[in-house]
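Chain letters run A, B, ... following the sequence lines, proteins first, then strands; residues in each count from 1.
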Protein chains: 2
Amino acid sequence: MDSTQLLKGVLDLAVLAVLAERDGYGYDVVRRLREAGLEDVGDASVYGTLRRLFRAGALTSYVVASDEGPHRKYYGLNDVGRSLLDSSAKTWRSFSNIMNDLLKEVPS
Amino acid sequence: MDSTQLLKGVLDLAVLAVLAERDGYGYDVVRRLREAGLEDVGDASVYGTLRRLFRAGALTSYVVASDEGPHRKYYGLNDVGRSLLDSSAKTWRSFSNIMNDLLKEVPS
DNA sequence: GCCACTATTGCGCATTGCGCAGTAGTGTGC
DNA sequence: GCACACTACTGCGCAATGCGCAATAGTGGC
């Protein structure tokens, strides 16, 4: 199974969860997701997700100059984003319970 | 969040898990998945998945006449399918752990 | 000056689930 | 006998989304 396909529909949730902890810019979010265990996320996917969530009105955005490179475009959750995170987390949990139940006969 | 997108990449696993329990034909697999909680799976998705898995060599297939309607094309796991199920289940479990960990700060 | 690292954007592709239409067999009610 | 519902499968085209790759650009070390 390709973990790429597993990410579909979950990357939004993962990005929201990371941003809930603390605001972040694209490059940083990629790093934090990889540290969390999603080692194979492509940077383009994350940037795309951030732009999509922003366009959907779930994120705030502000640019900050950096001492160690180009400017950084920070993103943070607003109310829409927080409630999206909550409802998506619910959907995920229920979905993952269904799957784990389906797999209960499959040995680890 | 759309549960449709969550299914991406997981439907294969769900179908394999259902078939591991017992052989089944398309219509039947749809029913069993819906009973398991995946209420929104489209029938076309399941038929497509079965064909894809069969083409990939993970399933056996045999046609059985039926008393209550058209013939039924049964599918069952072969060795390839079983090992695909095992490895996919592993991937899923590790992935779902990562997500649950990311979401540990998000209240239920 | 060249290279590595940081940081973002845009383009086109591949995968895959879905809606919908079509085909077809069986049994029920009128 | 005919419309209808349920069973059962196939094919077509669409939409969403993650990815690879190239391009652009700033900073600092050698």
Inset, instruction - Would you please classify the geometry between the Trp92(A) ring and the Trp92(B) ring as parallel, tilted or perpendicular, with 30° and 60° separating the classes? - result: tilted
Inset, instruction - Using a cut-off of strictly less than 4.0 Å, decide whether Lys73(B) has a side-chain nitrogen or oxygen near OP1 or OP2 of dT10(D). - result: yes
Inset, instruction - Have a look at Val41(A) and say if it touches a base, only the backbone sugar-phosphate, or nothing, with a 4.0 Å heavy-atom cut-off. - result: sugar-phosphate
Legend entry - Distance, rounded to the nearest Å, where Tyr62(B) contributes OH and dC9(D) contributes C1': 17 Å
Inset, instruction - Given side chain to side chain contact (heavy atoms under 4.5 Å, CB included), test Val10(A) with Met99(B) step by step and report yes or no. - result: CA-CA 8 Å; Val10(A) 182; Met99(B) 287 306 298; 3.1 Å; yes
Legend entry - Nucleotide dA7(C), atom P - distance to CZ of Arg32(A) in whole Å: 13 Å
Inset, instruction - Measure from the side chain of Lys8(A), starting at C-beta and using heavy atoms only, and say which of dA24(C), dC19(D), dT15(C) lies closest. - result: dT15(C)
Legend entry - Any Thr49(B) side-chain nitrogen or oxygen under 4.0 Å from OP1 or OP2 of dG17(C): yes
Inset, instruction - Give the rounded distance in Å between these two atoms: CZ of Arg72(A) and P of dC5(C). - result: 16 Å
Inset, instruction - Select from Gly69(A) and Gly9(A) the residue whose nearest nucleotide in DNA chain D is closer to the 5' end of that strand. - result: Gly9(A)
Inset, instruction - Measure the spacing between CG of Leu53(B) and CG of Leu59(B) and express it to the nearest 0.5 Å. - result: 5.0 Å
Legend entry - Ion pair Arg52(A)/Asp12(A), N-O distance below 4.0 Å: yes
Inset, instruction - Measure the distance from OH on Tyr27(A) to P on dC5(C) and round it to the nearest whole Å. - result: 8 Å
Inset, instruction - May I have the distance from Leu7(B) (atom CG) to dT15(C) (atom C1'), rounded to whole angstrom? - result: 14 Å
Inset, instruction - Give me the ring orientation class for Tyr75(A) and Phe54(A): parallel if the planes are under 30° apart, tilted from 30 to 60°, perpendicular past 60°. - result: perpendicular
Legend entry - Below 4.0 Å: OP1/OP2 of dT7(D) and any side-chain N or O of Arg31(B): yes
Inset, instruction - Starting from P on dG17(C), measure out to CG on Asp43(B) and report it in whole angstrom. - result: 13 Å
Legend entry - Nucleotide nearest His71(A) when distance is taken to its side chain, options dG26(D), dT8(C), dG18(D): dT8(C)
Legend entry - d(CG, Leu6(B); P, dA15(D)) in whole Å: 21 Å
Legend entry - Along DNA chain D (nearest heavy atom to each residue), the more 5'-positioned of Tyr47(B) and Arg52(A): Tyr47(B)
Inset, instruction - Quick one: label Asp67(A) by what it contacts on the DNA or RNA (base, sugar-phosphate, nothing), any heavy atom closer than 4.0 Å. - result: sugar-phosphate
Inset, instruction - With DNA chain C as reference, determine whether Gln5(A) or Tyr25(A) sits nearer its 5' end, using the nearest nucleotide of each. - result: Tyr25(A)
Inset, instruction - Take the protein atom CG of Leu50(A) and the nucleotide atom P of dA7(C), then report the distance between them rounded to whole Å. - result: 14 Å
